[in-house]
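These figures come from a predicted structure and were not determined experimentally. For reference, positions follow the sequence shown, starting with 1. Computation of the quantities below employed the complete heavy-atom set of this structure, encompassing side-chain atoms and omitting hydrogens, waters and symmetry-equivalent molecules.
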Amino acid sequence: MIHSFAVVIDGVDLTSPDSRDADALYEAGCDDALLTSSAGVQRAIFDREAPSFAAAVASAITAIESCIPAARVVAVERLDRADAAPLPHSA
């Protein structure tokens, strides 16, 4: 099952063009996330496959906080599939 959610991340700059942390997230398994920033709040928006919503969120938080020690997930926002931002797709 696909679960859509956003996590708010503090402690690092993930959305600047030269961010190495964004690359680290991708390599840590967060290739299903879209990184956004608005009004100083950074979010990673996920469409993650997992057996439960809790498992999807836990795996995302673990990946984020283990690959970037300064990053902290400070909030989780559950999204309806219709609210989720489309992820870029490369052919």
Distance-minimising heavy-atom pair for [X] and [Y]:
X: I2; Y: E49; answer: CD1-CB, 3.7 Å
X: F53; Y: S4; answer: CE1-O, 4.1 Å
X: R43; Y: A6; answer: CD-CB, 4.2 Å
X: A63; Y: A28; answer: CB-O, 3.8 Å
X: R48; Y: S59; answer: NH1-OG, 2.9 Å

Please report the interatomic distance [atom1]([X]) to [atom2]([Y]), rounded to the nearest 0.5 Å.
X: Y26; Y: L35; atom1: OH; atom2: CG; result: 12.0 Å
X: D10; Y: R72; atom1: CG; atom2: CZ; result: 10.5 Å
X: I68; Y: D21; atom1: CD1; atom2: CG; result: 4.0 Å
X: F46; Y: D31; atom1: CZ; atom2: CG; result: 9.5 Å
X: D32; Y: I45; atom1: CG; atom2: CD1; result: 12.0 Å
X: L14; Y: R20; atom1: CG; atom2: CZ; result: 14.5 Å

| For the side chain of H3 and the backbone of A50, is there at least one donor-acceptor N/O pair under 3.5 Å apart? | yes
| request: Please confirm whether the backbone N or O of T15 pairs with a side-chain atom of S19, one donor and one acceptor, at under 3.5 Å? | output: no
| message | Can you confirm whether D13 sits close enough to Q42 that some side-chain heavy atom of one is under 4.5 Å from a side-chain heavy atom of the other? | response | yes
| query | Between I64 and L25, is any pair of side-chain heavy atoms under 4.5 Å apart? | reply |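 The answer is yes; the side chains approach within 4.5 Å.
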| Side-chain hydrophobic cluster, 4.5 Å single linkage: members besides V74 |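 Cluster partners of V74: V8, V41.
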